[in-house]
Amino acid sequence: MANPNLNDSLPLSAESLALIDVEVAKYPADQKQSAVMSALRIAQSEKDWLKPETIEYVAAYLDMPAIAAYEVATFYNMYDTQPVGRHKITLCTNLPCVLMGANKIAAHLKDKLGIDFGETTEDGRYTLKEGECMGACGDAPMCLHNNHAMHTHLTPDKVDELLDELK
Amino acid sequence: MSLLAPTPQVCSWTQALDNPGSLATYVANGGYQALRRVITEQVSGDDIIAELKTSALRGRGGAGFPTGLKWSFMPRAFAGDKYIVCNSDEGEPGTFKDRDILRYNPHQLIEGMAIAGYVLGARVGYNYIHGEIFDCYQIFEAALKEARDAGYLGDKLFGTDFCFQLHAHAGYGAYICGEETALLESLEGKKGQPRFKPPFPASFGLYGKPTTINNTETLASVPWIMQHGGQAFLELGKPNNGGSKLFSVSGHVNKPGNFEVPLGTPFAKLLEMAGGVRSGHKLKAVIPGGSSAPVLPADIMMDCTMDFDSVAKAGSMLGSGAVIVMDETVCMVRALERLSYFYFEESCGQCTPCREGTGWMYRIIHRIEHGQGKPEDIELLNSVAGRIGGHTICALGDAAAMPVQSFLKHFGHEFEHHVEHKRCMDGTEQ
């Protein structure tokens, strides 16, 4: 996948690039852009958030215009184009979750962390976000940790346990 | 339970077994037999589509469009690339059924997609999975590997010339990608903004090629129909509403979860399966088909049976089968405020009536809920909603307007109470 336009000092690890190559192989050879969502996800998992340079690097790797990769990074709400804490907690507050107690969990999280939705703790440990439907309403209330680990049937005690585990 | 018997658990039968999602469990109970038969016996695509039409299988993603008819739109004889795409971008508030198929029965979906590929002449398929259920994406990827290793996906299946490959694609947080043309844009690596139709995906779909897009549960129902016949599927449900369906029951019930029951099952029975309304409370309202479906008051709902035609007759939509139950403690203004925020947040911004109207509606409902509503706001809200529906490229505009119009129709007095008294009605808290 060598691209002569890429800088020698790779902003992404060989492991991440290997994962991106697996994604690229899913699509027709002339449709590498189809892998941009996965590539940005993989890049974000490595770098915690998507700096402009990272997005540009991903775009170059997939032979697509940087602006097209920016569009994707800013359209889908699980990408972070601003710094976040080491642990991003996204709580669903949509109607089914609220009916099943999400507002109590939201209040507990805010109180415990001393921050509101969209904020990061001063020590950079936690970011709290408000999420939309995660497609698991029967297990409400629920949150995502760093986008990929879902925690369901939350209670204030379970929230405390989870926060303690996340160093 | 197994796929060998025509049980009403069309998609959920594996959940009664050990290792429900594994290839071994699936194959030991009749899995991949239908695929093997149609490919090795070279059953004609016309015959399979006729079987689907007999079955009265209707799209399980929300629109309820007849699947056999949709497949018949594909230019099957067209020699170039064609695609079959599964829509597992399940983000409609209240809906969580496809997640269970991906977790507990992924091979039935893979088999259904392979049969679709055979009928439609597609050699490649994609399954687009909701970003927030990333664990299900990983489970599905593992199932794909099992199927490839066992020779159920790949080149020259069962010693014939038929080749079919299938891939998973993870979304990353955009409700709009559940709209089929937005999903195609997203699969192409772009912002998920819906396309103007026509052309429809059957003529201009993924990468501009003929494409059929079906919901997860729809595709997973196909092996059952091929195994037992369209007539048996039809007879599980009722005329024009074939089969069983997964219903996701959430909100104020004792036992939230998924329940697969024959179409035409009384709502009262489904509610009972979900453990009934939260103990000590009584039913106030139900959104029967996901957050975009019009809300119905308890008395209308209790007379309803759960099928496309009966829920439509009652003034709502069966939609994706997401049943959101609300008891008497719910403030309907606050409930609508949250739903309206969702559509405002998720509007893709392409069409002015939706982009501006969803924010406008949210701001009006927000001020009514917070004691700053004016008497003319209720009429204004109805007027804005009426000017969004039907005036946008995709159905998100209608989906945002329908809750507003139905909440005002059935629970208008709560909105008037908020305007007049600057607070929620007594006894409503959530």
Side-chain angles (χ1 to χ4, degrees), chain A residues 22-23 25-28 30-42 44-45 59 62 64 68-79 90 92-104 130-140 142-144 146-150 153, chain B residues 81 89-96 98-100 124 126 130-136 138 165 167-175 177 186-193 206-207 248-252 256-258 287 291 322 324-327 330 334-336 338-339 341-342 345-346 348 430:
Chain A
V22 170
E23 298 296 327
K26 292 178 177 177
Y27 308 97
D30 59 348
Q31 300 290 348
K32 282 162 82 175
Q33 182 172 339
S34 279
V36 69
M37 290 183 68
S38 293
L40 290 172
R41 160 171 53 79
I42 291 161
Q44 179 168 295
S45 291
L62 298 174
M64 62 189 282
Y70 272 117
E71 284 187 350
V72 169
T74 52
F75 185 85
Y76 299 89
N77 64 28
M78 290 166 74
Y79 297 115
T90 312
C92 177
T93 61
N94 210 306
L95 181 61
C97 277
V98 165
L99 294 175
M100 294 160 77
N103 283 346
K104 284 182 195 114
E130 185 170 27
E132 288 301 343
C133 187
M134 296 174 180
C137 323
D139 298 343
M142 80 200 69
C143 70
L144 286 177
N146 289 348
N147 286 345
H148 297 164
M150 185 179 279
H153 304 98
Chain B
D81 291 336
D89 192 21
E90 186 176 50
E92 171 87 7
T95 317
F96 49 93
D98 297 335
R99 173 179 179 237
D100 276 1
V124 178
Y126 292 99
H130 193 49
E132 285 84 347
I133 49 168
F134 194 74
D135 54 338
C136 295
Q138 292 171 313
Q165 196 48 270
H167 301 287
H169 180 106
Y172 226 52
Y175 168 68
C177 291
S186 185
L187 255 178
E188 293 180 3
K190 301 169 188 163
K191 290 182 291 184
Q193 292 191 316
L206 182 62
Y207 310 129
S248 306
V249 186
S250 67
H252 287 153
N258 283 315
I287 301 176
S291 64
I324 306 172
V325 175
M326 293 177 267
D327 71 21
V330 175
R334 192 185 282 196
L336 183 63
R338 185 59 187 87
L339 289 181
Y341 180 78
F342 170 69
E345 167 73 25
E346 297 294 336
C348 83
Q430 328 214 22

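Order of the sequence lines sets the chain letters (A, B, ...), proteins ahead of strands, with each chain counted from 1. Side chains included, hydrogens not; waters and symmetry mates left out as well; all remaining heavy atoms used. Quick caveat: nothing in here was measured; it's all calculated off a predicted structure.
- Comparing B/Glu92, B/His167, B/Lys190 by how many heavy-atom pairs each has under 4.5 Å with chain A, the most go to B/His167.
- For the pair A/Ser34 (side chain) and B/Leu187 (backbone), a donor-acceptor distance under 3.5 Å is present.
- Chosen from B/Ala168, B/Cys136, B/Gly171, the residue pairing most often with chain A at heavy-atom distances under 4.5 Å is B/Ala168.
- Only the side chain of B/Glu345 comes within contact range of chain A, with heavy atoms under 4.5 Å apart.
- Here the closest heavy-atom approach between residue A/Asn94 and residue B/Pro93 is recorded as ND2-CG, 3.4 Å.
- At least one side-chain heavy atom of A/Tyr76 sits under 4.5 Å from a side-chain heavy atom of B/Cys177.
- Between the side chain of B/His169 and the backbone N or O of A/Lys26, no donor-acceptor pair lies under 3.5 Å.
- For A/Met134, the parts sitting under 4.5 Å from any heavy atom of chain B are the backbone and the side chain alike.
- Nearest heavy atom pair, residue B/Val325 against residue A/Leu99, reads O-CD1, 3.6 Å.
- Contacts between B/Ser248 and chain A at a heavy-atom distance below 4.5 Å are absent for every atom of the residue.
- The two residues A/Gln33 and B/Glu188 make their nearest non-hydrogen contact at CG-O, 3.6 Å.
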Step by step, would you call B/Glu132 with A/Met142 a side-chain contact (heavy atoms from CB on, under 4.5 Å)? CA-CA 11 Å; B/Glu132 285 84 347; A/Met142 80 200 69; over 6 Å; no
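- Here CE of A/Met37 is found 4.0 Å from OG of B/Ser186. Values are rounded to the nearest 0.5 Å.
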Stepwise, does the side-chain contact (heavy atoms from CB on, under 4.5 Å) test hold for A/Cys133 with B/Phe96? CA-CA 10 Å; A/Cys133 187; B/Phe96 49 93; over 6 Å; no
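- In this structure, the ring of B/Tyr126 has its center less than 6.0 angstrom from the ring center of A/Tyr27.
- Counting all heavy atoms, side chain and backbone alike, A/Cys137 lies closest to B/Gly94 at SG-N, 3.2 Å.
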I'd like to know whether B/Arg99 forms a side-chain contact (heavy atoms from CB on, under 4.5 Å) with A/Asp139, so could you lay out the CA-CA distance, the side-chain angles of the two residues, the decisive distance to 0.1 Å, and finally the verdict. CA-CA 12 Å; B/Arg99 173 179 179 237; A/Asp139 298 343; 3.0 Å; yes
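- Both the backbone and the side chain of A/Leu95 come within contact range of chain B, judged by heavy atoms closer than 4.5 Å.
- Contact record, A/Gly135 with B/Ile133: O-CG2, 4.2 Å, taken as the closest heavy-atom pair.
- With a threshold of 4.5 angstrom between heavy atoms, A/Thr74 does not approach chain B through any atom at all.
- B/Gly131 and A/Met78 get closest at one heavy-atom pair: O-CE, 3.6 Å.
- Judged purely by atom type and a 3.5 angstrom limit, A/Glu71 has no side-chain atom pairing as donor or acceptor with the backbone of B/Lys191.
- Under the 30°/60° scheme for interplanar angles, the aromatic rings of A/His148 and B/Tyr172 are found to stand perpendicular.
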Under the criterion side-chain contact (heavy atoms from CB on, under 4.5 Å), I'd like the reasoning laid out for B/Tyr207 against A/Gln31: C-alpha separation, chi angles, the key distance, then a yes or no. CA-CA 8 Å; B/Tyr207 310 129; A/Gln31 300 290 348; 3.2 Å; yes
